[in-house]
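Quick one: the structure is below, questions incoming.
To find a chain, count down the sequence lines: A is the first, B the second, and so on, and within it residues start at 1.
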Amino acid sequence: MVNNINIIPKSFYQGDDVVKIAKQLIGKTLVTHLDGQLCKGKIVETEAYRGWGDKACHASEGKRTPRTETMYLAGGCAYVYLCYGIHHLFNVVTNVAGKADAVLIRAIEPIEGMDSMVARTNHQTKVSNGPGKLCKAMGIDMRLNKKELNSELLWIEDAKAVELKDLVISTRVGVGYAGEDALLPWRFYLKDNDWVSKL
DNA sequence: CGGCTGATTCGCT
DNA sequence: GCGAATCAGCCGC
């Protein structure tokens, strides 16, 4: 686990360009080891959120609340928050400490632990084709907020980079409140992948 | 404090 | 296709 050389190094997350990191995370393997259950999934959909110059970000223009404090941590940890009071959403914090950038993981393609995901979600097949659903399937909740992505509970493994022709770029989902920033092309997903949300 | 809105999903009409 | 579930954050009373 923590000794797995395939785990993405912390330096990967601390780059200054959250949009680039969001693209690079497509195809990587998200792993959780919670409640004694190992679950793996290929990241097939992400969105970038930037602390400065992006009104869609919770920490837009330096806003600080108890919830957004996580995003100001150094890149390489998890930002988990509750949406609509019901669903957990999982983000990867990027950039250096003090810069509130993050990548929302919106969908994964199950690789291992499908039985656990089915049991957690009560779905037979589409257990992780959305940001709230994948958290439920992987067992992600508030206990993982601020946790490093190289812990015993949660990490991301490197994988072959996806080909550019398979990467689709679009606007982000559900951020209409952000005005012109809602038009930023900061959502990325794998072309023709059955697990991408909102098919 | 009440009311509204949201990086969503599910179930019923 | 619409509304409920139900919490953090914000704004007005």
(message) Check this one for me: any side-chain N or O of R106(A) less than 4.0 Å away from OP1 or OP2 of dT8(B)?
(response)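 For dT8(B), OP1/OP2 do have a side-chain N/O of R106(A) under 4.0 Å.
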(request) Rounded to whole angstrom, note down the C1' distance from dC10(B) over to dA8(C). (result)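 Per the computed distance, 22 Å lies between those C1' atoms.
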(request) Supply the atom-to-atom distance D115(A) CG to R120(A) CZ, rounded to the nearest 0.5 angstrom. (result)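 So the CG of D115(A) and the CZ of R120(A) are separated by 11.5 Å.
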(request) Measure the distance from NZ on K55(A) to C1' on dG9(C) and round it to the nearest whole Å. (result)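 In whole Å, dG9(C) C1' lies 19 Å from K55(A) NZ.
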(request) Name the closest nucleotide to the K133(A) side chain, picking from dT9(B), dT8(B), dC10(C). (result)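 Selected nucleotide (nearest to the side chain): dT9(B).
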(message) If the cut-off is 4.0 Å, is K198(A) near the phosphate of dT8(B), judged by side-chain N/O to OP1 or OP2?
(response)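 No, outside the criterion.
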(request) Between dT8(B), dA5(C), dG9(C), spot the one nearest the side chain of I86(A), thanks. (result)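 It is dA5(C).
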(message) Using a heavy-atom cut-off of 4.0 Å across all strands, would you classify K136(A) as base, sugar-phosphate, or nothing?
(response)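 No contact.
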(request) Hey, could you give me the CG/CG distance between L34(A) and L144(A), rounded to the nearest 0.5 Å? (result)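 These two atoms lie 5.5 Å from each other.
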(message) Is the phosphate of dA8(C) approached by T65(A) (side-chain N or O, under 4.0 Å from OP1 or OP2)?
(response)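 For T65(A), the contact criterion (side-chain N or O under 4.0 Å from OP1 or OP2 of dA8(C)) is not met.
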(request) May I ask you to check whether over 12 heavy atoms, not counting those of K20(A), lie within 6.0 Å of atom NZ? (result)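 At most 12 heavy atoms, drawn from other residues, nucleotides or ligands, come within 6.0 Å of this atom.
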(message) Return the OG1 to CH2 distance between T171(A) and W186(A), rounded to the nearest 0.5 Å.
(response)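 Here the rounded value is 13.0 Å.
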(request) With heavy atoms under 4.0 Å as the rule, sort L82(A) into base, sugar-phosphate or nothing. (result)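 Answer is sugar-phosphate: L82(A) comes under 4.0 Å of backbone atoms only.
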(request) Please work out if R67(A) contacts a base, only the sugar-phosphate, or nothing of the nucleic acid, heavy-atom cut-off 4.0 Å. (result)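 R67(A): backbone/sugar contact only, no base atoms under 4.0 Å.
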(request) Starting from P on dC7(C), measure out to OH on Y81(A) and report it in whole angstrom. (result)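 In whole Å, dC7(C) P and Y81(A) OH are 16 Å from each other.
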(request) Round to the nearest Å and state the distance from N145(A) atom CG to dA8(C) atom P. (result)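 After rounding, the reported distance stands at 12 Å.
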(request) Let me know, please, whether L89(A) or H123(A) comes out on the 5' side of the other along DNA chain B by nearest nucleotide. (result)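 The residue mapped nearer the 5' terminus is L89(A).
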